[in-house]
Amino acid sequence: MSPNAVNYSPIYYIDSENPAECVALCNYVYAHIEAIKENLDKPLSAARIEQLSVDDPSEFPEAKWLADSDDLCDYCQAVAQVLLCRALPFKTVQQLNGLLMRLVNALVDDLKTPRFLRTANVA
């Protein structure tokens with residue numbers, strides 16, 4: 001191999017060296033993100049609203065991402081699809097695996113972030 005040759009990965013993704021497992025994992029991530037996307041516009045239950053509520057506006061965390069849940073879902077799916085193409089240099093695969101992990105974690109954090117302010121019930 002020449003010194004300028006690119007070392008392409010034989011599809012080792014998401015902490016696995018089994019190609020079939022890697023493809024299955026990427027497809028799994030893609031499918032579950034699609035399920036999340038389908039539910040983002042549905043009304044929240046009273047119990048879920050309570051989980052996402054705080055008593056004081058100062059309890060709302062500072063925004064960490066400039067993307068909303070819809071965008072994060074799209075980004076996760078795009079990276080998973082790129083990883084499935086199987087023709088990337090090993091270093092790129094490693095970087096995209098890390099990016100996918102960070103995007104999925106950011107999506108989870110975003111979905112758990114408080115969005116509602118509890119108000120006193122006036123009788």
Side-chain angles (χ1 to χ4, degrees):
M1 184 181 276
S2 74
N4 294 331
V6 177
N7 179 19
Y8 286 93
S9 168
I11 66 167
Y12 298 151
Y13 310 120
I14 311 180
D15 292 334
S16 176
E17 293 186 9
N18 178 327
E21 192 175 272
C22 296
V23 169
L25 287 168
C26 282
N27 283 320
Y28 179 86
V29 168
Y30 187 92
H32 282 78
I33 297 296
E34 186 64 32
I36 290 170
K37 281 173 58 174
E38 291 172 5
N39 286 290
L40 286 177
D41 292 328
K42 292 182 179 176
L44 297 174
S45 68
R48 187 67 182 134
I49 290 172
E50 178 57 30
Q51 290 173 335
L52 297 173
S53 296
V54 294
D55 293 315
D56 187 272
S58 66
E59 295 177 64
F60 286 112
E62 289 186 33
K64 295 181 183 175
W65 283 85
L66 299 176
D68 62 12
S69 297
D70 289 315
D71 290 337
L72 286 170
C73 285
D74 291 341
Y75 301 156
C76 290
Q77 286 184 311
V79 174
Q81 282 183 324
V82 169
L83 286 169
L84 286 169
C85 81
R86 305 180 197 179
L88 300 168
F90 182 72
K91 180 77 171 166
T92 302
V93 169
Q94 289 178 314
Q95 292 166 336
L96 289 174
N97 278 332
L99 176 60
L100 182 57
M101 179 197 68
R102 287 174 187 238
L103 288 170
V104 168
N105 287 331
L107 176 60
V108 169
D109 289 345
D110 184 63
L111 293 173
K112 293 173 19 178
T113 297
R115 288 167 165 66
F116 305 102
L117 183 61
R118 288 186 194 95
T119 57
N121 290 333
V122 178

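In terms of heavy-atom proximity, T113 sits nearest to P61 at CG2-CG, 3.5 Å. Shortest non-hydrogen contact noted between R115 and S69 is NH2-OG, 3.8 Å. When all heavy atoms of R48 and K112 are compared, the pair lying nearest together is NH2-CA, 4.1 Å. Of all non-hydrogen atoms in C73 and L40, the two that sit nearest each other are SG-CD1, 4.1 Å.
Side-chain contact between L83 and V79 is present, with heavy atoms from C-beta onward closer than 4.5 Å. Counting heavy atoms from C-beta outward, I33 and L72 have side chains that stay 4.5 Å or more apart. Looking at heavy atoms from C-beta onward, F60 lies in side-chain contact with L117 at the 4.5 angstrom threshold.
Y28 and I36 fall into different hydrophobic clusters, defined by Ile, Leu, Val, Met, Phe, Trp and Tyr side-chain heavy atoms under 4.5 Å apart, directly or through other members. Cluster membership for Y75 and L96, using ILVMFWY side-chain heavy atoms within less than 4.5 angstrom, is shared. The cluster map of Ile, Leu, Val, Met, Phe, Trp and Tyr, joined by side-chain heavy atoms under 4.5 Å apart, puts L107 and V82 in the same cluster. Taken together through direct or relayed side-chain contacts under 4.5 Å among Ile, Leu, Val, Met, Phe, Trp and Tyr, M101 and L99 form parts of separate hydrophobic clusters.
Under the salt bridge (Lys or Arg N to Asp or Glu O under 4.0 Å) criterion, E59 pairs with no residue at all, not counting sequence neighbours.
Here D109 does not pair with R102 in a salt bridge; the nearest charged N to carboxylate O distance is not below 4.0 Å.
Separating the CG atom in N27 from the NE2 atom in H32 is a distance of 11.5 Å, to the nearest 0.5 Å. Of the inter-residue distances, the one linking D110 atom CG with D70 atom CG reads 9.5 Å to the nearest 0.5 angstrom. Distance check, rounded to the nearest 0.5 Å: CD of Q77 to CG of L100 gives 10.5 Å.
Annotation for L52: hydrophobic cluster partners, listed by chain and number, are L44, I49, F116 (ILVMFWY side-chain heavy atoms under 4.5 Å, direct or chained).
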